[in-house]
Each structure stands twice: as structure tokens, then as C-alpha cells.
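Working notes, beginning with the structure itself.
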Amino acid sequence: MNSCVFCKILAGEIPATILHRDDQVAVIADISPQAPEHLLIFPVRHIPTTLDLTADDDALVGHIYRVAAKIAGEKGFAESGFRIVNNCNADGGQTVWHLHFHLLGGRELSWPPG
Ligand code: AMP
Ligand code: ZN
């Protein structure tokens with residue numbers, strides 16, 4: 001049995017607010033938002049981390065960024081600005097080992113990150 005929380009969301013075994021789903025990616029609302037807009041974009045296929053991407057996934061990553069930009073536009077925070085973040089492994093702050101990209105917006109985001 002796959003214990004991955006994002007795979008379970010895709011299988012309908014855990015509830016989530018799903019904003020977009022296509023044959024490659026899904027977009028959900030983060031359960032613990034760190035900004036007024038905090039969405040997660042992840043591939044439908046279980047890929048644990050950025051380190052597991054291969055050349056075959058180049059188009060997938062491009063699609064993820066294009067979907068992020070489209071959703072930001074649809075939700076009205078593209079022009080004010082946003083951040084796309086991928087945390088990789090322990091020092092990167094990764095807590096769910098299914099590759100995902102945070103889409104954060106709706107307020108001014110500080111830099112550098114903690
Ligand atoms: P990361 O720490 O980069 O691995 O990010 C994992 C993110 O997944 C965190 O921001 C969590 O709040 C979020 N998260 C964990 N479980 C769920 C869930 N069931 N539904 C939505 N978001 C979740
Ligand atoms: Zn998964």
C-alpha cells in the first residue's frame with residue numbers, strides 16, 4: 001500500500017481542495033498555509049524528490065511552472081508577485097517525499113528564507 005499523502009489525495013483517500021488536475025500534475029491548497037495564497041503543485045506520478053528527476057521529466061517540470069503561472073493569474077496574484085519553492089531533503093525542509101512545488105503569494109514575501 002502506498003502511504004504517500006499526495007498519492008492518497010490523488011486516489012481520493014484523503015480529502016483536499018483540488019484546484020487543478022490534468023494527466024501530469026495536480027494543484028491543491030496547502031493544509032497549513034504560510035501566505036494568503038499557498039498552493040502545492042505536484043506530479044501525478046510518484047517522484048520522491050528533485051534528485052529523482054531525469055531528462056524524461058524535463059517537460060513535466062516545465063509544465064509545472066506553466067500551470068503555476070496560470071493558476072496565479074486565475075487567482076489574481078500573478079501581477080503582484082509570487083514565489084515557487086521546492087524543498088529537497090532534510091536541510092531543504094522537505095516533509096512530504098512526493099516532489100512538489102509551493103506556490104506562495106498574496107503578500108510581500110521576505111528574503112532570504114529562514
Ligand atoms: P514540504 O515541507 O516542502 O515537504 O511541504 C509539504 C507541505 O505539504 C506542507 O506545506 C504541508 O502543510 C503540506 N501538507 C501536508 N499534508 C497535507 C494535506 N493532507 N493536504 C494539503 N497539504 C498538506
Ligand atoms: Zn506519492
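Atoms within each ligand, like the ligands themselves, are counted from 1 in listed order.
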query: Going through the distances and angles, do Ile71 and Ile41 end up as a side chain to side chain contact (heavy atoms under 4.5 Å, CB included)?
result: CA-CA 10 Å; Ile71 297 275; Ile41 305 160; 5.9 Å; no
Verdict with reasoning, His20 to Leu39, per side chain to side chain contact (heavy atoms under 4.5 Å, CB included): CA-CA 11 Å; His20 170 92; Leu39 309 175; over 6 Å; no
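- Around the Zn ion (ligand 2), the protein contributes the following N, O or S atoms at distances under 2.8 Å: Cys4 SG, Cys7 SG, His46 ND1, His98 ND1.
- The residues lining ligand 1, counting any heavy atom closer than 4.0 Å, are Val5, Phe6, Ile9, Ile28, Ala29, Asp30, Ile31, Ser32, Leu40, Asn87, Gly93, Gln94, Thr95, Val96, His100, His102.
- Sorted by first then second residue, the salt bridge (charged side-chain N to carboxylate O under 4.0 Å, His left out) pairs that include residues 62-72, not counting sequence neighbours, are Lys70-Glu74.
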- request: Start with the C-alpha distance between Arg21 and Val44, add both sets of side-chain angles, then the distance that settles side chain to side chain contact (heavy atoms under 4.5 Å, CB included), and finish with yes or no.
  value: CA-CA 9 Å; Arg21 168 120 190 217; Val44 169; 3.9 Å; yes
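- When atom types are taken as modelled, the side chain of Arg83 and the backbone of His102 share no donor-acceptor pair closer than 3.5 angstrom.
- Atom CG of Leu103 is separated from atom CG of Asp30 by 11.0 Å, given to the nearest 0.5 angstrom.
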Could you pull out all donor-acceptor pairs under 3.5 Å where a side-chain atom in residues 86-96 meets a protein atom, sequence neighbours excluded?
from  : atom 1 : to     : atom 2 : distance (Å)
Asn86 : OD1    : Thr50  : OG1    : 2.3
Asn86 : ND2    : His100 : O      : 3.1
Asn89 : OD1    : Trp97  : NE1    : 3.3
Gln94 : OE1    : Asn89  : N      : 2.7
Gln94 : NE2    : Pro48  : O      : 3.1
Gln94 : NE2    : Val96  : O      : 3.0

task: Decide yes or no on side chain to side chain contact (heavy atoms under 4.5 Å, CB included) for His63 and Val61, but give the supporting numbers first.
output: CA-CA 5 Å; His63 184 60; Val61 176; over 6 Å; no
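- Between the side chain of Gln34 and the main chain of Ser32, a donor-acceptor pair closer than 3.5 Å is present.
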